Amino acid sequence: MSAQDGASRASWKPPAGVTAFARGMLDLILPPRAFDGGAALTSGLSAQAWSRITFLDGPVCDGCGAAFAFDAGEVRCVLCQTRPRAFARARAACLYDEHSRDLILKLKHADRTDLSGLFARWLSRSAADLLDEAQAVVPVPMHPSRLLKRRYNQAAEIARPLCAMTGRTYLPDALVRRRDTDSQGGKSADGRRRNVAAAFAVPERRRHRVIGRRVLLVDDVLTTGATAEGCARALLAAGATQVSLAVVARVTEMQARPI
């Protein structure tokens, strides 16, 4: 047998009709399960879970991604007009509530990295306009000591398939977290900003990949924006011309305020 025979066999693929039939038979025998445990739709979720998640499809603030109650022709909410953020624009796929929280926490703490592709598809839709103008995608980094414990960075797990889907340049190590900061949970907005102050940086050897580029920053959840702003400042200081933000979910402004 010649090498050409081996190459020919390796490149052979069954006809599309055969593949579709086999997949259909497998689905009948072993019906696909949704990420939330029910019968899967093409979205990857059961019909019940899909209907409960509040996707931010309507008019949103161009600055922070917050949903507007109705379309009044406004571009930015009052908070963004009063206090501009370090990142230029932001989009969120859905609202962070009791219905989306479980899915996000499964990716973040329960080794469910299979959810990353689902979230990437959500972002490819909700942040389509930001992706159109972005020249590179950077995930919010995790400190090495925390990465060692968790074994993966959930922001990077989302950003990687997002770049594969959209053809954007993926820069997983353009931004680093220099300090192992405390958890942001339970802190006020000011406390969160102090906690991540000067925590992020672009290594000198990576600056050439950032300079002059429009960067899209990716994370799982937007609360007060302190972490995203810290990252954006570091990227801008390294020479990025603009930094925008795409997250899977965002809390409401009321949720972000300390009680």
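Since we're looking at a predicted model, the values are computed, not measured.
Residues R177 and F200 meet the side-chain proximity criterion, which asks for heavy atoms closer than 4.5 Å. In this structure, the side chains of I158 and L107 come closer than 4.5 Å at one or more pairs of heavy atoms. Considering only heavy atoms from C-beta on, S126 stays 4.5 Å or farther from F55 through its side chain. In this structure, the side chains of L162 and V218 come closer than 4.5 Å at one or more pairs of heavy atoms. Between V248 and I104, some side-chain heavy-atom pair lies under the 4.5 Å cut-off. Taking 4.5 Å as the limit, every side-chain heavy atom of Q154 sits out of range of all side-chain heavy atoms of T113. For the pair D220/V247, no side-chain contact is recorded, criterion being any heavy-atom separation below 4.5 Å from C-beta on. With contacts defined as side-chain heavy-atom distances shorter than 4.5 Å, the pair R168/L131 qualifies.
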Audit row: V137, L171, side chain to side chain contact (heavy atoms under 4.5 Å, CB included) steps and yes/no: CA-CA 6 Å; V137 174; L171 302 180; over 6 Å; no

Stepwise side chain to side chain contact (heavy atoms under 4.5 Å, CB included) test for T224 and E229: CA-CA 9 Å; T224 63; E229 288 201 81; over 6 Å; no

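One finds no salt bridge joining E157 and R112 here, because no Lys/Arg side-chain nitrogen approaches an Asp/Glu carboxylate oxygen to under 4.0 Å. Of the charged side-chain nitrogens involved, at least one lies within less than 4.0 Å of a carboxylate oxygen, so that R89 and E133 count as a salt-bridged pair. Comment: R207 engages E204 in a salt bridge, judged by a side-chain N to carboxylate O separation of less than 4.0 angstrom. In summary, R52 and D97 do not engage in a salt bridge, as defined by a charged side-chain N under 4.0 Å from a carboxylate O. Between R91 and D62 there is a salt bridge, since at least one side-chain N of the basic residue sits less than 4.0 Å from a carboxylate O of the acidic one.
Of all heavy-atom pairs spanning A92 and L56, the tightest one is O-CB, 3.7 Å. Nearest heavy atom pair, residue G63 against residue F87, reads O-CE1, 3.4 Å. For the pair L216 and A134, the tightest heavy-atom approach, listed with the atom from each and the gap, is CB-CB, 3.8 Å. Across all their heavy atoms, A174 and V138 have their closest contact at CB-CG2, 4.2 Å.
With values rounded to the nearest 0.5 angstrom, Y152 atom OH is found 9.5 Å from S116 atom OG.
A cation-pi geometry, defined here as NZ or CZ lying under 6.0 Å from the six-membered ring centre and within 45° of its normal, does not hold between R160 and Y170.
For the side-chain hydrogen bond (donor to acceptor under 3.5 Å, both in side chains) criterion with D111, the lone passing option out of K106, R150, R151 is R151.
The closest donor-acceptor contact from the side chain of S100 to the backbone of I53 lies at 3.5 Å or more, if one exists at all.
L105 and L115 end up in the same hydrophobic cluster when Ile, Leu, Val, Met, Phe, Trp and Tyr side chains are linked at under 4.5 Å.
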